[in-house]
J.: 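Here you go, one structure.
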Amino acid sequence: MAIVFYNTLTRKKEKFKPITPGIVKMYTCGPTVYNYAHIGNFRAYTFEDLLRRYLKFKGFKVIQVMNLTDVDDKIIKASKEKGVPIEEFTTPYKKAFFEDIETLGIEKAEFYPEATKHINEMVDIIKKLLAKGHAYKAADGSIYFKVSSFEKYGQLANLNVKEMRVGERVASDEYEKEEIRDFALWKSWKPEDGNVYWNTELGKGRPGWHIECSAMSMKYLGNHFDIHTGGVDNIFPHHENEIAQSECATGEKFVNYWLHCEHLLVNDEKMSKSLGNVIYPRELIARGVDPVVIRYTLLSTHYRQKLNFTTEKLISSASSVERLLDFYNSLDFYEDSKQTEFKNLISDTEKAFEEALDDNLNISEAMAAIFELVKEVNKHKAKKQISKTDAKNIKATLDRFDTVLNIFKMGQVKLSEEIRQLIDRRAKARKEKNWKEADRIREYLLEKGIILEDTPQGTRCKKTLIKKDFSKV
RNA sequence: GGCGACGUACCCAAGUGGCUAAGGGAGCGGUCUGCAAAACCGCGAUUCGCCGGUUCGAAUCCGGCCGUCGCCUCCA
């Protein structure tokens, strides 16, 4: 079965066909490391994670590049305020980004190039653009892309650029562009840039924002590659400009499939500093939300759908994850008993899961397939009609799904030696019908985020997915 | 002003021309159980923002209206 993606470029769902059979080359816009990445950023990274994991599930070899923007206006301003060089300023945020990625169960990309280490590549592209007449140098030494030189400009955003409204920011722009819609490839040094500059053939200055993605994507993936992703807010101008720069420099088509992730809202509002509603994953975790709950919340809404992030949704996600994990973990507990023919159920579920994700990563349908399996198997469980082999087969299927979802694995509890001993002590107390002691230990462990459940097959152990008193987002 | 997305139960959410409108959460009643939990059984949209049209047949297609949101050179 072929995968179908909604391509922003054509505004249609299209069958996915990689340029090189069996290999997918994708570029995913990464963080600007001037702060911690917030939950909205991670929505995009989680979507990209789903995308790469599913492509791998389908048997493709994936080469993913995610850039780190470590020089831009915000970074220059913030590092200046702090009185440290930009590298010193960005390093902790780079580190934090990788920590967060790991916490949220996001698989690592093959390359994480940094803008500041690819200035030469950017300069090369700009030189080509100058030579071909697609760029020009303004009086102050800055270099601009000449939008009028690219016939197809506006194709991605579906904007008629000639009739675009001119914003105030543009009107007050001090640079000397030929046309208002032209954008900077190279920004010549200004006193407020301090010691942030590179001496290159283009003069003393620094790169514009868009050029880094063209330079780094083409360096690692070639002039023409398969997939480029980002948030919807990147469609214009960022990705539109990338196409213009790249295609004008190489004369080749840049990207075949453009996939854009919708925004995450917080209580129906856009997340922004001014509204004071920016949420960071590490903050949620500190307040008692397990990372797997955050992951599930971000993952379980289709990427082209706005995701309204609320307390209610987190709590609801925690319950869903709990149901999935309880089911998954219960599969280890079967004694051999009557066998049920689950072959059809398993193959139906696998088929439904794959067909759903084939259809532009329809995660809702994929999850529905899993929940239906859970319900069906639980019914048999209640009637004691599951053998060890059945359970093993079902678990193998879930493990296969989990290479895409990373929920089951991430949700496992890790027990320390101390906790293990307490659990043993409680088992002993229960045997002696010392309910007081048993309940005391259970209470104690609950406070430590460990939940014990007694079943006929023994006591099971799981972690608290969300703190009881967790309330406000 | 231009471009675009969306409106399905208490909440989240799939379905885009045809079986009883998926699935999850929450709720209520029951079974099970040392207690707790899990799990199971049962209950829940005659209806898909509103109005009109096309069709044998519409949540799905067309037109209009209402409402929410995003982008239009900081942004995932």
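Each chain gets a letter, A, B and so on, in the order the sequences are listed, and its residues count up from 1.
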J.: Yes or no on salt bridge (Lys or Arg N to Asp or Glu O under 4.0 Å) for A:Lys395 and A:Asp332, after CA distance, side-chain angles and deciding distance?
T.: CA-CA 9 Å; A:Lys395 193 162 184 174; A:Asp332 288 332; 2.7 Å; yes
J.: If I pick the P atom on B:C66 and the same atom on B:A76, what distance separates them, to the nearest angstrom?
T.: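 Those two atoms are separated by 35 Å.
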J.: Among A:Lys94, A:Arg282, A:Lys95, which residue satisfies the salt bridge (charged side-chain N to carboxylate O under 4.0 Å, His left out) criterion with A:Asp100?
T.: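 Filter result, single survivor: A:Arg282.
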J.: Hey, mind stepping through A:Tyr45 and A:Phe97 against ring-ring contact (aromatic ring centres under 6.0 Å, His included) and telling me if it holds?
T.: CA-CA 11 Å; A:Tyr45 308 146; A:Phe97 171 71; 5.6 Å; yes
J.: Side-chain contact, heavy-atom cut-off 4.5 Å: A:Asn241 with A:Val147?
T.: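 Side-chain contact under 4.5 Å: no.
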J.: If you look at every strand shown and take non-hydrogen atoms under 4.0 Å, does A:Ile235 touch a base, only sugar-phosphate, or nothing?
T.: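 The residue A:Ile235 makes no contact with any strand.
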J.: Identify all pairs in which a protein N or O lies below 3.5 Å from an N or O of nucleotides 16-20 of chain B, and state each distance.
T.:
none

J.: Within a reach of under 6.0 Å around CD of A:Glu102, are more than 12 heavy atoms found that belong to other residues, nucleotides or ligands?
T.: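 Counting other residues, nucleotides and ligands, CD of A:Glu102 stays at 12 neighbours or fewer.
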J.: Between A:Asn41 and A:Tyr36, is there a side-chain donor-acceptor contact under 3.5 Å, judged purely by atom types and distance?
T.: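 Checked: A:Tyr36/A:Asn41 side chains show no N/O donor-acceptor pair below 3.5 Å.
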J.: Would you mind reading off the distance between A:His228 atom NE2 and B:A76 atom C1', rounded to a whole angstrom?
T.: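 Going from NE2 in A:His228 over to C1' in B:A76 covers 13 Å.
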J.: What's the closest nucleotide to the side chain of A:Glu453 if the choices are B:U73, B:A39, B:A38?
T.: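 Nearest listed nucleotide: B:A38.
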J.: What integer distance in Å separates A:Gln385:CD from B:A39:P?
T.: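 Those two atoms, CD and P, are 19 Å apart.
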J.: How is the base pairing of RNA chain B summarised as a dot-bracket string, given the Watson-Crick and G-U wobble criteria with both distances under 3.5 Å, [ ] for crossing and | for another strand?
T.: ((((((((.[[[..)..(....]]].(((((.......))))).....[[[[[..)....]]]]])))))))....
J.: Could you check how far OH of A:Tyr144 sits from P of B:U73, rounded to whole Å?
T.: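 The distance from OH of A:Tyr144 to P of B:U73 comes to 16 Å, rounded to the nearest Å.
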J.: Give A:Asp326 one of three labels, base, sugar-phosphate or nothing, depending on what nucleic acid heavy atoms sit under 4.0 Å from its own.
T.: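 Sugar-phosphate, backbone atoms only, no base.
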J.: A:Arg426 near the nucleic acid: base, sugar-phosphate alone, or nothing, with a heavy-atom cut-off under 4.0 Å?
T.: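 The residue A:Arg426 makes base contact.
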J.: Determine the contact category for A:Leu264: base if any of its heavy atoms lies under 4.0 Å from a base atom, sugar-phosphate if only primed atoms, P, OP1 or OP2 are that close, otherwise nothing.
T.: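 Base, at least one base atom sits under 4.0 Å.
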J.: Under 3.5 Å, side-chain donor or acceptor atoms of residues 348-355 of chain A against the rest of the protein: list the pairs with distances, not counting sequence neighbours.
T.:
unit_1   : atom_1 : unit_2   : atom_2 : d
A:Thr349 : OG1    : A:Leu345 : O      : 2.7
A:Glu350 : OE2    : A:Thr397 : OG1    : 3.4
A:Glu354 : OE2    : A:Lys58  : NZ     : 2.8

J.: Please tell me which of A:Asn234 and A:Leu452 maps to the more 5' nucleotide of RNA chain B, matching each residue to the nucleotide holding its nearest heavy atom.
T.: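 The residue mapped nearer the 5' terminus is A:Leu452.
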J.: With a centroid cutoff of 5.5 Å and a plane-angle limit of 30°, would you call A:Tyr45 stacked on B:A76?
T.: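 No; by the centre-distance and plane-angle rule, A:Tyr45 does not count as stacking on B:A76.
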J.: How far, in whole Å, is B:A9 from B:C50 if one measures between their P atoms?
T.: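 Approximately 10 Å lies between the P atom of B:C50 and that of B:A9.
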J.: Taking the side chain of A:Thr301 as heavy atoms from C-beta outward, which of B:G70, B:A13, B:G34 is closest to it?
T.: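 In terms of side-chain proximity for A:Thr301, the closest of B:G70, B:A13, B:G34 is B:A13.
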J.: What's the CD-C1' distance between A:Glu365 and B:G23, to the nearest Å?
T.: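 One finds 9 Å between C1' of B:G23 and CD of A:Glu365, rounded.
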J.: Answer with yes or no whether the side chains of A:Asp140 and A:Ser142 bring together a donor and an acceptor at under 3.5 Å.
T.: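 On atom types as modelled, these side chains qualify, holding a pair under 3.5 Å.
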J.: Which heavy atom in A:Ile86 sits nearest to a heavy atom in A:Ser79, and how many Å separate them?
T.: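 Answer, listing the atom of A:Ile86 first, then A:Ser79: CG2-OG, 3.2 Å.
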J.: Heavy atoms under 4.0 Å, any strand shown: does A:Asn362 hit a base, just sugar-phosphate, or nothing?
T.: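 Result for A:Asn362 = sugar-phosphate.
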J.: Could you check whether A:Lys80 makes a cation-pi contact with A:Phe89, meaning its NZ or CZ is under 6.0 Å from the centre of the six-membered ring and within 45° of the ring axis?
T.: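 So A:Lys80 doesn't make the cation-pi contact.
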J.: What integer distance in Å separates A:His302:NE2 from B:G23:C1'?
T.: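 Spelled out: NE2 on A:His302 to C1' on B:G23 is 15 Å.
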J.: Kindly indicate whether the side chain of A:Arg442 and the base of B:A36 share any N or O donor-acceptor pair separated by less than 3.5 Å?
T.: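 Yes.
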J.: From B:A76, B:A22, B:A13, pick the nucleotide closest to the side chain of A:Ala368?
T.: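 Per side-chain heavy atoms of A:Ala368, the pick is B:A22.
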J.: Side chain of A:Lys379, heavy atoms from C-beta onward: which of B:A38, B:U73, B:C41 has the nearest atom to it?
T.: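 Nearest listed nucleotide: B:C41.
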J.: When the P atoms of B:C6 and B:C74 are considered, how many whole Å apart are they?
T.: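 It comes out at 27 Å once rounded to the nearest Å.
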J.: Salt bridge (charged side-chain N to carboxylate O under 4.0 Å, His left out) with A:Lys137: which residues, sequence neighbours excluded?
T.: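 Checked A:Lys137 against salt bridge (charged side-chain N to carboxylate O under 4.0 Å, His left out); zero matches.
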J.: For nucleotides 4-8 of chain B, which of its nitrogen or oxygen atoms have a protein nitrogen or oxygen under 3.5 Å away, and what is each distance?
T.:
unit_1 : atom_1 : unit_2   : atom_2 : d
B:G4   : OP1    : A:Asn158 : ND2    : 3.3

J.: How about A:Phe401 and A:Tyr328: are their ring centres within less than 6.0 Å of each other?
T.: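 A:Phe401 vs A:Tyr328: aromatic centres not under 6.0 Å.
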J.: Checking only heavy atoms, does the side chain of A:Asp233 share a donor-acceptor pair with the base of B:C74 at less than 3.5 Å?
T.: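 Side chain to base: no pair below 3.5 Å.
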J.: Identify whether any heavy atom of A:Lys270 sits under 4.0 Å from a base atom; if not, whether one sits that close to sugar-phosphate; answer base, sugar-phosphate or nothing.
T.: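 A:Lys270: base contact, heavy atoms under 4.0 Å.
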J.: Any side-chain N or O of A:Asn378 below 4.0 angstrom from OP1/OP2 of B:A39?
T.: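 For B:A39, neither OP1 nor OP2 has a side-chain N or O of A:Asn378 closer than 4.0 Å.
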J.: Rounded to the nearest Å, what distance is computed from the CE atom of residue A:Met367 to the C1' atom of nucleotide B:G15?
T.: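 For the pair A:Met367 CE and B:G15 C1', the rounded distance is 18 Å.
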J.: Reckon A:Ala157 touches a base, only the sugar-phosphate, or nothing at all at heavy-atom distances under 4.0 Å?
T.: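 The answer is sugar-phosphate, as A:Ala157 gets under 4.0 Å only of primed atoms, P, OP1 or OP2.
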J.: Rounding to an integer number of Å, can you tell me how far A:Asn308 CG sits from B:U68 P?
T.: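 Result: 15 Å.
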J.: B:C32 C1' sits how many Å from A:Gln457 CD, rounded?
T.: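 One finds 13 Å between C1' of B:C32 and CD of A:Gln457, rounded.
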J.: C1' atom, B:G70 versus B:G29: distance in rounded Å?
T.: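 That atom pair is separated by 45 Å.
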J.: Please state the C1' separation for the pair B:A22 and B:A14 - nearest whole angstrom.
T.: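 One C1' to the other, the span is 6 Å.
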J.: So, A:Asp49 versus A:Thr46: side-chain donor-acceptor pair below 3.5 Å or not?
T.: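 The criterion, which ignores hydrogens and geometry beyond distance, is not satisfied for A:Thr46 and A:Asp49.
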J.: So what does A:Gly40 touch, heavy atoms closer than 4.0 Å: a base, only the sugar-phosphate, or nothing?
T.: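 Here A:Gly40 touches the bases of the nucleic acid.
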J.: Would you mind telling me which of B:G70, B:G34, B:C72 lies closest to the side-chain atoms of A:His263?
T.: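 For A:His263, the side-chain atoms sit closest to B:G70.
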J.: Which nucleotide wins on minimum distance to the side chain of A:Arg430, given the candidates B:G34, B:C74, B:A76?
T.: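 Minimum distance to the A:Arg430 side chain belongs to B:G34.
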J.: Show, in sequence, the C-alpha distance, side-chain angles and deciding distance for A:Arg181 and A:Glu179, and conclude whether the salt bridge (Lys or Arg N to Asp or Glu O under 4.0 Å) test is met.
T.: CA-CA 5 Å; A:Arg181 57 190 176 142; A:Glu179 278 191 71; 2.9 Å; yes
J.: For the P atoms, the ones on B:C11 and on B:U16, what distance do you get once it is rounded to whole angstrom?
T.: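 One P to the other, the span is 23 Å.
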J.: Taking everything shown except A:Tyr444 itself, do over 12 heavy atoms lie less than 6.0 Å from its OH?
T.: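 No, not enclosed.
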J.: Polar-atom pairs under 3.5 Å, protein N or O versus N or O of nucleotides 24-26 of chain B: list them with distances, or write none.
T.:
unit_1 : atom_1 : unit_2   : atom_2 : d
B:G24  : O2'    : A:Ser320 : OG     : 2.2
B:G25  : O3'    : A:Ser319 : OG     : 3.2
B:A26  : OP1    : A:Ser319 : OG     : 3.2

J.: How about A:Phe342 and A:His380: are their ring centres within less than 6.0 Å of each other?
T.: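 They qualify: ring centres under 6.0 Å apart.
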J.: For the side chain of A:Thr8 and the backbone of A:Trp258, is there at least one donor-acceptor N/O pair under 3.5 Å apart?
T.: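 Confirmed, A:Thr8 side chain pairs with A:Trp258 backbone.
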